[in-house]
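Here the structure is a predicted model, which is why all the values come from computation and not from measurement. Lettering of chains follows the sequences in order, A, B, ..., and the numbering in each one begins at 1.
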Amino acid sequence: MLDTNIISNPPVRTRIAPSPTGDPHVGTAYIALFNRCFAHQHGGQFILRIEDTDKKRSTERSEKDILDSLRWLGLQWDEGPGCEGEFGPYRQSERSHIYKSHINQLLAKDCAFPCFCTAGRLNSLRKEQMEQKQQTGYDGKCLSFTKEEAESKISAGESYVIRIKIPAEGECEFEDKLRGPVNISWSQVDMQVLVKSDGLPTYHFANVVDDHLMKISHVIRGEEWINSTPKHLLLYSYFDWEVPEFYHMPLLRNPDKSKLSKRKNPTSIGYYQAMGYLPQALVNYLGMMGWSMPSGEEKFSQQEMIENFNIARVSLGGPIFDIEKLDWLNGKYIREDLDDDAFRKLFSEWAFNDEKVRQIVPLIKQRVERFSDVAKIGSFFVSGELDLNVVDFANKNLDTDAELKILQYSLWELEALKQWDREAIESCLLKLCALMELKIRDFLVPLFVSISGNVVSTSVIESIFILKLDITRARIRKGIEVLGGISKKRAKLMEKEYRAFS
RNA sequence: GUCCCCUUCGUCUAGAGGCCUAGGACACCUGGUUUUCAUCCAGGCAACAGGGGUUCGAAACCCCUAGGGGACGCCA
């Protein structure tokens with residue numbers, strides 16, 4: 001076991017640095033929880049920094065969803081967007097001038113170099129290396145330019161990136177505080193791009209600069225970063241900065257042990273909210289991934305976790321995110337922690353909040369004769385997984401294969417939507433229907449059944465809009481599963497066909 | 001392919017050389033309570049990946065093998 005006595009001076013500062021490029025991920029919440037507990041246990045601060053240096057994929061909407069999700073879970077940050085401290089701004093897109101001055105320092109020190117290689121050359125280089133079963137990586141072509149040559153290329157307007165120089169030999173040894181020493185040979189480390197051709201920094205560069213400037217003392221992050229730690233350490237040494245402590249947490253896994261992914265599991269925090277889990281139960285559950293209370297108690301609040309936290313007791317085997325146990329824990333919270341009044345309030349807010357009910361009413365109203373008809377046709381709006389059977393999908397105009405395609409392609413369409421509004425949903429589904437050369441009434445059948453549990457129901461497009469993507473995705477997946485599922489091989493073919501016409 | 005990390009019941013985990021005949025929880029099974037069911041309670045099933053060392057003593061320390069995972073992007 002490793003010594004984990006923490007010197008409480010300088011102050012402990014940890015951070016979570018999500019990239020706003022998709023749905024808020026439970027893995028983000030998991031890492032956030034451990035960072036927050038560690039910082040607060042030591043009387044330090046937990047910082048939130050938005051890593052939006054990928055201009056193409058970052059969206060405001062995703063950033064907002066991530067912030068909302070973390071707040072919902074009670075993972076409030078001490079410094080970050082909306083909570084400005086003295087080390088802001090906390091959005092990397094607002095810190096460009098900082099990276100610019102820092103990259104100039106590295107260039108001046110000859111620790112980095114401009115690279116003019118095109119994406120095309122890099123791709124074929126990689127391909128070649130793969131074919132020859134070599135390790136992939138930049139070959140250092142642009143290293144041979146003199147400063148003058150490079151400068152004239154730049155002033156001639158050639159597009160370029162800036163890469164880090166890597167020692168030619170030797171190895172990098174560093175200490176992972178959870179595992180002990182790790183050695184990685186420099187020959188294994190790529191000449192990572194630090195600044196992209198759009199002038200924005202990559203994660204590796206911005207992350208190190210910001211961690212230093214924001215006085216991050218302990219970097220607690222996913223295990224996936226172990227291999228890039230040498231690059232980060234090299235930057236610290238080029239800048240002659242003090243190095244933080246590194247703790248690499250195990251990765252959350254799918255039941256098949258692969259890294260938790262939305263292809264195989266619901267990973268969006270919004271899904272768990274939409275399914276009616278309590279935030280404190282979800283956080284508690286994440287806290288038992290790789291960690292346990294010294295007492296063995298499995299139900300604990302975040303405050304109790306902070307009081308009893310000891311990062312040295314994190315176990316390193318990748319925990320499988322097991323929804324069955326989450327369900328049990330959530331039920332325990334509902335039974336033990338909610339009195340009837342609290343249950344009533346939370347449930348009605350979850351199921352019948354004004355916004356949702358306002359959307360549902362016009363759909364339901366025209367189809368009922370008595371209020372007593374409402375529950376029957378509207379229950380799917382307040383359900384999680386539906387009870388479906390293969391016979392529910394029976395249709396004389398479509399075979400199972402066609403239905404599977406409709407479901408899978410529709411899901412891909414919906415997942416690709418930038419904006420979640422009914423017009424966008426309608427037009428992408430209609431477009432798909434036309435491309436598949438199907439009648440709309442046939443096309444919609446598997447969707448109706450998957451989403452509402454019945455061929456006869458309120459408008460499926462409206463329903464999808466109201467249920468939102470997380471629940472829609474789960475229901476379409478269930479539909480696919482009930483229809484027999486899609487094999488890996490089949491999925492590949494489908495993807496190819498889908499790409500061809502979308 | 002190269003490198004790195006990991007390995008205790010099906011799953012989450014306890015375990016800091018002797019408290020280990022390996023403990024708890026979920027799931028599953030049995031029984032009890034309950035007008036049904038669920039809850040709740042009691043019990044059961046079930047693991048140290050394999051092989052070598054080190055040691056009086058190994059789940060724990062070391063080595064090898066196997067298995068799993070991750071990284072190898074102008075993504076983070």
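Shown here are the ring pair (Phe, Tyr, Trp, His ring centres under 6.0 Å) partners of A/Y238, two or more places apart in sequence or in another chain: there are none. Partners of A/F309 under the ring pair (Phe, Tyr, Trp, His ring centres under 6.0 Å) rule, at least two apart in sequence or in another chain, are A/F34, A/W291. For A/F116, the ring pair (Phe, Tyr, Trp, His ring centres under 6.0 Å) partners are A/F145, A/Y160, not counting sequence neighbours.
Residues in residues 102-111 of chain A take part in these side chain to side chain donor-acceptor pair (under 3.5 Å) pairs, two or more places apart or across chains: A/D110-A/K165. For the ring pair (Phe, Tyr, Trp, His ring centres under 6.0 Å) condition, no pair includes a residue of residues 177-202 of chain A, sequence neighbours left out.
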- Message: How would you summarise protein contacts on nucleotides 39-47 of chain B per nucleotide, using B for base, S for sugar-phosphate only and - for none, with heavy-atom distances below 4.0 Å?
- Response: SS-------
- When you check every protein heavy atom under 4.0 Å of nucleotides 62-68 of chain B, what one-letter string (B, S, -) results, 5' to 3'? ------S
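Only at 4.0 angstrom or more do the heavy atoms of residues 59-79 of chain A sit from any atom of RNA chain B, so none qualifies. Near RNA chain B, defined here as any heavy-atom distance below 4.0 Å, the residues from residues 225-234 of chain A are A/W225, A/I226, A/N227, listed numerically. Within residues 148-159 of chain A, no residue approaches RNA chain B, by heavy-atom distance under 4.0 Å. At a non-hydrogen distance threshold of 4.0 Å, nothing from residues 22-37 of chain A comes into contact with RNA chain B. The stretch residues 95-119 of chain A touches RNA chain B through A/C117, each having a heavy atom within less than 4.0 Å of the strand.
Not a single donor-acceptor contact under 3.5 angstrom links the side-chain atoms of A/K325 to the base of B/A27.
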